[in-house]
Amino acid sequence: MGGWVEGDPVGDRRFLDLPAPFPLERGGSLPAVRIAYETWGRLSPDGDNAVLVEHALTGDSHVTGSAGPGHPTPGWWSDLVAPGAALDPERFFVVCANILGGCQGTTGPSSRAPDGRRWGSRFPELTVGDQVRVEAALADALGIDRWACVVGGSMGGMRALEWAVAQPGRVDTLFFLASAAVSSADQIGTQTTQQAAIRADARWAGGDYPLDAAPVDGLGIARRIAHLTYRSALELDARFGSRVQEDHRFAVASYLEHHAGKLARRFDAGSYVLLTETMNSWDLGRGRSGVEAALDRVTARALVAGVDTDRLYPPEQQQRVADALGVPLRLISSPYGHDGFLLETAAVDGLLRELLD
């Protein structure tokens, strides 16, 4: 149960260990950081074909490929990183790193600290800026001075936008999808409620639980709450309505339980709490004289897109970014709500082609 830990099958992951303590924006530092990542294709001789794909909250570096040892699920955007697709590895060198604070190989709460114990509750607070600086260190190690494109949806969109603002000289094009420049009260309220569900689990133990007795019940409730925001009311009603199954449970409740169990088998509760709090604190304009002033730093050619039925990151949040960048907002029509950014791959592929070609 839970995320990847040392000793598990490596799968397609590669690792980079940063050689010195890593300072954090909110104070303190991590004495060591390991970055887990995957790549597809080859870097061109002049280094102009590198694309960074940013995964969302419970995503990972396995953008494309089959499930197997080390990878409990198949690639989450396999239709986009494939021969003939927008991110064809014959054309691009595609990179995806597991997020700092996560649980799929990059340093996080379930990783071992220098004293040999799990970090657990001792893991420090993170910002999106910290996560991007870790990715910048990876880019340096890979010999990538400038990204041809940085692509991200949802929490990945936050990191993509931070790249374009914090390091504009390293980003040629930006694909910002189904995300926001600052977290709203609605998003913060939803995510703090998810955190409360995890902390209410008797096995939470202040964040210092053994990995073989993790607070999976609390994590499952958090996932149920989250999944309701990922899908649209229209889609859920069309699929399930008020139908009751033979076991006398509502069909929609069984569906949510299924997704709760799936997440508990591959994700760590401590990372979930840490990363949702990082999202809660997200404000692109903090320390930059506001969101619009921050976006004025962007030099990348940008495409901003949203999903028309998204109730977690509604289109008005992408509209604010599009207006500040002086580009039109491109809306993907989908019944699936926020998850449309993962499911409507043909539409996403078309927009990516337009940006990159």
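Only this structure's heavy atoms are used, side chains among them; waters, hydrogens and symmetry mates stay out.
When all heavy atoms of A148 and T173 are compared, the pair lying nearest together is O-OG1, 2.6 Å. For the pair D186 and R311, the tightest heavy-atom approach, listed with the atom from each and the gap, is OD2-O, 4.3 Å. Nearest heavy-atom pair across A36 and T106 is N-OG1, 2.9 Å. Of all the heavy atoms in A181 and F176, the pair that sits closest is N-CZ, 4.4 Å. Between L174 and A160, the shortest heavy-atom contact is CD1-O, 3.5 Å. Closest heavy-atom contact between N49 and R42: ND2-O, 2.9 Å.
The backbone N or O of P23 lies less than 3.5 Å from a partner atom in the side chain of R133, making a donor-acceptor pair. Under a 3.5 Å cut-off, the side chain of S183 and the backbone N or O of M279 do form a donor-acceptor pair. Not one N or O on the side chain of R297 forms a donor-acceptor pair closer than 3.5 Å with the backbone of P168. Within the 3.5 Å criterion, the main-chain N or O of D48 finds a donor-acceptor partner in the side chain of S44. The backbone N or O of P335 sits less than 3.5 Å from a side-chain atom of S232, completing a donor-acceptor pair.
By the 4.5 Å heavy-atom criterion applied to side chains, L30 and P124 are counted as neighbours. The shortest distance between side-chain heavy atoms of H55 and N98 falls below 4.5 Å. Side-chain atoms of V94 and W77, non-hydrogen and from C-beta on, never get closer than 4.5 Å to each other. In this structure the side chain of D339 reaches within 4.5 angstrom of the side chain of H227, judged on heavy atoms. The side-chain heavy atoms of F175 and V348, taken from C-beta on, include a pair separated by under 4.5 Å. Using a 4.5 Å heavy-atom threshold, the side chains of H71 and E38 count as touching. Proximity of S179 to M155: side-chain heavy atoms (C-beta onward) are nowhere separated by under 4.5 Å.
In the hydrophobic clustering of this structure, V53 does not group with V95; members are Ile, Leu, Val, Met, Phe, Trp, Tyr whose side-chain heavy atoms approach within less than 4.5 Å, directly or through other members. Linking Ile, Leu, Val, Met, Phe, Trp and Tyr residues whenever their side-chain heavy atoms come within less than 4.5 Å places V151 and W40 in a single cluster. I225 and L274 fall into different hydrophobic clusters, defined by Ile, Leu, Val, Met, Phe, Trp and Tyr side-chain heavy atoms under 4.5 Å apart, directly or through other members. Using a 4.5 Å cut-off between side-chain heavy atoms of Ile, Leu, Val, Met, Phe, Trp and Tyr, with links allowed through other members, F341 and M158 fall into different hydrophobic clusters. Under the 4.5 Å side-chain contact rule for hydrophobic residues, V63 and L355 share a cluster.
Note that CZ of R170 and CH2 of W147 are 8.0 Å apart. Values are rounded to the nearest 0.5 Å. Interatomic distance, CG of L138 versus CG of L16, reported as 6.0 Å (0.5 Å rounding). In this structure, CG in L57 is found 5.5 Å from OH in Y272, a value given to the nearest 0.5 Å. In this structure, W204 CH2 and L219 CG are separated by 10.0 Å, a value rounded to the nearest 0.5 Å. The distance from atom CD of E125 to atom CZ of R26, rounded to the nearest 0.5 Å, is 5.0 Å. Distance CD1/I221 to CG/L256: 12.0 Å, rounded to 0.5 Å.
By the 6.0 Å contact criterion, CZ on R353 is enclosed, its count of non-hydrogen atoms from other residues, nucleotides or ligands being greater than 12. Shown here is Y336, whose OH atom has no more than 12 heavy atoms of other residues, nucleotides or ligands within 6.0 Å. No more than 12 heavy atoms of other residues, nucleotides or ligands sit less than 6.0 Å from atom CD of E90.
Residue D115 forms a side-chain hydrogen bond (donor to acceptor under 3.5 Å, both in side chains) with just one option from R117, R118, R112, and that option is R117. Remark: of the listed residues R199, R203, R224, R203 is the sole one forming a salt bridge (charged side-chain N to carboxylate O under 4.0 Å, His left out) with D217.
By the 4.0 Å N-to-carboxylate-O rule, D130 lies too far from R159 to be salt-bridged with it. Under a 4.0 Å N-O distance rule, the pair R13/D8 does not qualify as a salt bridge. The existence of a salt bridge linking R288 and E162 is confirmed by a sub-4.0 Å separation between a basic side-chain nitrogen and an acidic carboxylate oxygen.
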Would you sort out whether R320 and V291 count as a side-chain contact (heavy atoms from CB on, under 4.5 Å), showing the intermediate values? CA-CA 9 Å; R320 182 180 184 183; V291 167; 3.5 Å; yes

Intermediate values then yes/no, side-chain hydrogen bond (donor to acceptor under 3.5 Å, both in side chains), D349 and T345: CA-CA 6 Å; D349 185 276; T345 52; over 6 Å; no

Check the pair D268, Y209 against side-chain hydrogen bond (donor to acceptor under 3.5 Å, both in side chains), reporting the backbone distance first and the verdict last. CA-CA 11 Å; D268 173 61; Y209 49 87; 2.6 Å; yes

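Using a 3.5 Å distance cut-off with no hydrogens or angles, the side chains of S184 and Q187 do pair a donor with an acceptor. Of the N and O atoms on the side chains of H338 and D310, at least one donor lies less than 3.5 Å from an acceptor on the other residue. Remark: the Q131 side chain and the E54 side chain contain no N/O donor-acceptor pair separated by less than 3.5 Å.
Shown here are the ring-ring contact (aromatic ring centres under 6.0 Å, His included) partners of W4, two or more places apart in sequence or in another chain: F15.
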If you look only at distance, which donor and acceptor atoms sit under 3.5 Å apart when one is on a side chain in residues 302-309 and the other is two or more places apart or in another chain?
{"from": "D308", "atom 1": "OD1", "to": "S334", "atom 2": "N", "distance (Å)": "3.1"}
{"from": "D308", "atom 1": "OD2", "to": "S333", "atom 2": "OG", "distance (Å)": "3.3"}
{"from": "T309", "atom 1": "OG1", "to": "S334", "atom 2": "O", "distance (Å)": "2.6"}
{"from": "T309", "atom 1": "OG1", "to": "G337", "atom 2": "N", "distance (Å)": "3.0"}

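Seen from the ring of Y255, R239 counts as a face-on cation partner, given the 6.0 Å and 45° thresholds.
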